Amino acid sequence: QVQLVESGGGLVQAGGSLRLSCTASGRTFNNYAMGWFRQPPGKEREFVAAISSGGGRTYFADSVKGRFTISRDNAKNTVYLQMNSLKPEDTAVYYCNSRASVVVPTTPGPYWGQGTQVTVSS
């Protein structure tokens, strides 16, 4: 099993920035592709971003392209989601996810973090 723990959520004004972190347990972090999904209030969980195991390939939902950046530090077993130019529509619970690859970026793997709340005020 892979254990994932998110942090960095909070309340921010529209136009502001926030960085989420997800730390994985174990010593095989670099074997996994990673991703971020989010669930807005009253809506289904949706894809946000993904990154390959080595960090060489990244993918983003159209709604966040140009505003969000995904990165990883394999030495720290951590993946990040840098969120800039935040909008009220970005308000959601954000979840970290891991899987074997990002061949299909929008399809999650079986391992999830507990989620962290991001609230963007207008």
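This one's a predicted model, so the numbers in the text were calculated from it and none came from an experiment.
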Side-chain donor-acceptor pairs under 3.5 Å in residues 60-69, sequence neighbours left out?
| unit_1 | atom_1 | unit_2 | atom_2 | d |
| --- | --- | --- | --- | --- |
| Asp62 | OD1 | Lys65 | NZ | 3.1 |
| Arg67 | NH1 | Ser85 | O | 3.0 |
| Arg67 | NH1 | Asp90 | OD2 | 2.8 |
| Arg67 | NH2 | Ser63 | O | 2.9 |
| Arg67 | NH2 | Asp90 | OD1 | 3.0 |

Joint hydrophobic cluster, Tyr111 plus Trp36, side-chain heavy atoms closer than 4.5 Å: yes
Quiz item: cation-pi between Arg45 and Tyr95, 6.0 Å / 45°: yes
ILVMFWY clustering at 4.5 Å (side-chain atoms), partners of Val104: Val103
side-chain contact (heavy atoms from CB on, under 4.5 Å) assessment of Trp112 paired with Leu4: CA-CA 6 Å; Trp112 295 91; Leu4 305 172; 5.6 Å; no
With the side chain counted from C-beta on, respond yes when [X] and [Y] share a heavy-atom pair under 4.5 Å apart, and no when they do not.
X	Y	answer
Ser53	Tyr32	no
Pro40	Thr91	no
Tyr59	Val102	yes
Leu81	Val48	yes

Tabulate below the donor-acceptor pairs under 3.5 Å that side-chain atoms of residues 17-24 make, not counting sequence neighbours, or state none.
| unit_1 | atom_1 | unit_2 | atom_2 | d |
| --- | --- | --- | --- | --- |
| Ser17 | OG | Asn84 | OD1 | 2.9 |
| Thr23 | OG1 | Thr78 | OG1 | 3.2 |

Heavy atoms from other residues, nucleotides or ligands near CD of Gln13 exceed 12 (cutoff 6.0 Å): no
Pro108 backbone acceptor or donor facing Asn97 side chain under 3.5 Å: no
Closest non-hydrogen atom pair between Ser101 and Ala33, with its separation: C-CB, 3.6 Å
Which atom of Val2 lies closest to which atom of Ser98, heavy atoms considered: CG1-OG, 3.9 Å
Partner of Tyr94 under side chain to side chain contact (heavy atoms under 4.5 Å, CB included), chosen from Glu6, Met83, Gln39, Gln117: Met83
Pairs touching residues 31-78 that satisfy disulfide bond (SG atoms under 2.5 Å apart), sequence neighbours left out: none
Sequence neighbours excluded - disulfide bond (SG atoms under 2.5 Å apart) pairs with any residue from residues 28-91: none
Check: Phe47 ring centre within less than 6.0 Å of Phe37 ring centre: yes
Residue pairs involving residues 46-59 (criterion salt bridge (charged side-chain N to carboxylate O under 4.0 Å, His left out); sequence neighbours excluded): Arg38-Glu46
Derivation and outcome, side-chain contact (heavy atoms from CB on, under 4.5 Å), residues Val79 and Cys96: CA-CA 8 Å; Val79 63; Cys96 180; 3.9 Å; yes
